Amino acid sequence: MIKHMAIIMDGNGRWAKKQGLPRTYGHKIGAERIRDVALEANKMGIQAITLYAFSTENWKRPDDEINFLCKLPKMFFNKYIKELIENNIKVSYIGELEAFPIETQQVIKDALSKTNHCSGLELVIALNYGSRREISLAANAYAQDVVDGKVEISNNEEVFSNYMMTSHLPDVDVMVRTSGEQRLSNFLLWQLAYAEFMFVDYAWPEFNEEKLHEVVYEFNQRNRRFGGV
Ligand code: FPP
């Protein structure tokens, strides 16, 4: 049973370019796929899905693409927040939201508060997220708590996990990356320690309910031993 799935939604730009369309069109359709996958994953009883929507490295992209990506959450939630609430889907995020325009921050926070009572799938959106940054922030916060006398110094992994942005979530069971690239790109390095990896060839805009079922089927065929025999 999958409790937590992580997805690197890659290939939007190339998918759009192949059809002679702007890269941003790929992101727009990619956002539509988020809706489809969230609804289906919720029906399947998956507890949480963490989606890599914007990395700490994505600021290197051209301004017009960054502007478009900053506007996407508003387009997405205006269109789908009602449906998410009706389906008991809870929205959350990881990453440092402060870097985004105020309007984008407000849209995300609004989605959080409107779905705070929901107890179905948790749709976690990674925004301005980078795993090394997350780990450094956690180490810093832990050190500060030790200095302030709030916690004992220790090398306990569970204690450290509490300082991560995903502290309330189980470890990732399966990580999917679309579009054929086989890298982690600074995504959930700590949380993926025992995850099954699936690198699929198609682009994120081509992901759909059927592909989600294929991934889950493949996961169920794998023999997870967690270092045991
Ligand atoms: C990677 O594809 C994708 C992104 C950097 C953006 C993903 C964001 C979304 C799908 C939508 C986010 C929406 C909400 C509601 C949070 P790429 O552009 O790197 O593809 P490429 O490798 O083909 O260039």
Side-chain angles (χ1 to χ4, degrees), residues 5-42 48-85 87 89-101 103-112 114-115 121-131 165 175-188 199-208 211-212:
M5 179 182 282
I7 307 182
I8 302 181
M9 309 181 287
D10 198 11
N12 294 343
R14 278 168 287 162
W15 177 83
K17 279 275 157 209
K18 231 195 233 170
Q19 301 170 71
L21 294 163
R23 291 176 51 81
T24 48
Y25 179 74
H27 297 316
K28 184 168 174 260
I29 301 302
E32 296 291 319
R33 296 293 88 84
I34 294 180
R35 174 256 175 213
D36 301 344
V37 167
L39 259 66
E40 190 65 12
N42 184 47
I49 291 202
T50 301
L51 299 171
Y52 210 2
F54 197 97
S55 76
T56 46
E57 288 74 33
N58 284 152
W59 297 109
K60 293 179 202 149
R61 294 192 174 207
D63 284 350
D64 60 340
E65 187 168 338
I66 292 177
N67 290 339
F68 186 85
L69 286 168
C70 289
K71 285 192 189 118
L72 254 189
K74 186 174 178 184
M75 284 154 73
F76 178 81
F77 289 118
N78 276 350
K79 199 165 168 190
Y80 293 124
I81 193 72
K82 198 164 164 272
E83 200 178 17
L84 295 176
I85 299 167
N87 283 278
I89 296 173
K90 184 189 179 100
V91 178
S92 69
Y93 74 89
I94 53 172
E96 292 170 280
L97 218 51
E98 312 81 68
F100 289 104
E103 198 185 16
T104 311
Q105 296 183 39
Q106 274 163 355
V107 163
I108 306 286
K109 286 181 185 159
D110 191 44
L112 254 63
K114 283 183 176 151
T115 60
L121 174 85
E122 181 167 341
L123 183 63
V124 187
I125 306 175
L127 287 161
N128 189 29
Y129 172 85
S131 188
M165 293 166 178
M175 192 288 301
V176 183
R177 182 173 189 147
T178 55
S179 95
E181 309 290 345
Q182 304 195 358
R183 335 178 248 283
L184 287 182
S185 303
N186 203 14
F187 189 44
L188 302 174
F199 298 102
V200 295
D201 282 341
Y202 48 81
W204 173 248
E206 295 169 309
F207 202 88
N208 57 21
K211 298 273 197 299
L212 178 65

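As the structure is a computational prediction, the values presented were derived from the model and not from experiment. Counting convention: from 1, in listed order, for ligands and their atoms alike.
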Practice item. For atom 14 (C) of ligand 1, find the nearest protein heavy atom and state the residue, atom name and distance (0.1 Å precision). Key: Ile34 CD1, 4.0 Å

**Study point:** Approximate separation, where rounding is to 0.5 Å, of Asn87 CG and Leu39 CG
**Key:** 4.5 Å

Review point. Which residue holds the protein heavy atom closest to atom 11 (C) of ligand 1, what is that atom called, and what is the gap in Å?
Key: Leu72 CD1, 3.5 Å

Exercise for review: Using heavy-atom distances, let me know which of Ala53, Ala203, Cys70 sits nearest atom 7 (C) of ligand 1.
Suggested key: Ala53

Review point. Would you say Asn128's side chain and Leu97's backbone share a donor-acceptor pair under 3.5 angstrom?
Key: no

Practice item. May I ask you to check if ligand 1 and Gly13 share an N or O to N or O distance below 3.5 Å? Key: yes

Practice item. For Ile125, take its heavy atoms, then give the atoms of ligand 1 lying under 4.0 Å from any of them. Key: 16 (C)

Exercise for review: Could you grab the distance from atom NZ of Lys28 to atom CZ of Arg33, nearest 0.5 Å is fine?
Suggested key: 11.0 Å

Check your understanding: What are the two closest heavy atoms between Asp10 and Thr178, and how far apart are they?
Key -> O-OG1, 2.7 Å

Revision key, fill the gap. re atom 9 (C) of ligand 1, the protein heavy-atom contact at minimum distance is Met9 CE, 3.8 Å

Review point. Taking the six-membered ring for Trp, are Tyr52 and Phe187 parallel (under 30°), tilted (30 to 60°) or perpendicular (over 60°)?
Key: parallel

**Study point:** More than 12 heavy atoms of other groups within 6.0 Å of Phe68 CZ
**Key:** yes

**Study point:** Any donor-acceptor pair under 3.5 Å from Arg177 side chain to Arg183 backbone
**Key:** yes

Study note, to complete from the structure: Going by the 4.0 angstrom heavy-atom rule, the piece of Asn12 near ligand 1 is both

Review point. Can you check whether Gly26's main-chain N or O pairs, donor with acceptor, with Trp15's side chain at less than 3.5 Å?
Key: no

Point to revise | ligand 1 contacted by Gly11 (non-hydrogen, < 4.0 Å) | key: yes

Exercise for review: Look only at the side chain of Asn78 and the backbone of Met75, and say whether a donor-acceptor pair between them is shorter than 3.5 Å.
Suggested key: no

Point to revise | Within-cut-off N or O pair, Trp204 and ligand 1, under 3.5 Å | key: no

Point to revise | Sub-4.0 Å atoms of ligand 1 with respect to non-hydrogen atoms of Phe76 | key: 15 (C)

Study note, to complete from the structure: In ligand 1, the atoms that come under 4.0 Å of a heavy atom of Arg14 are 21 (P), 22 (O), 23 (O)

Practice item. Please say whether Arg23 places an N or O atom under 3.5 Å from an N or O atom belonging to ligand 1. Key: yes

Review point. Is it the side chain (CB and beyond), the backbone, both or neither of Leu51 that lies under 4.0 Å from ligand 1, heavy atoms counted?
Key: neither

Review point. Judging by distance only, is a nitrogen or oxygen of Asn58 under 3.5 angstrom from one on ligand 1?
Key: no

Exercise for review: Take every heavy atom of Arg61, measure it against each atom of ligand 1, and state whether any distance is under 4.0 Å.
Suggested key: yes

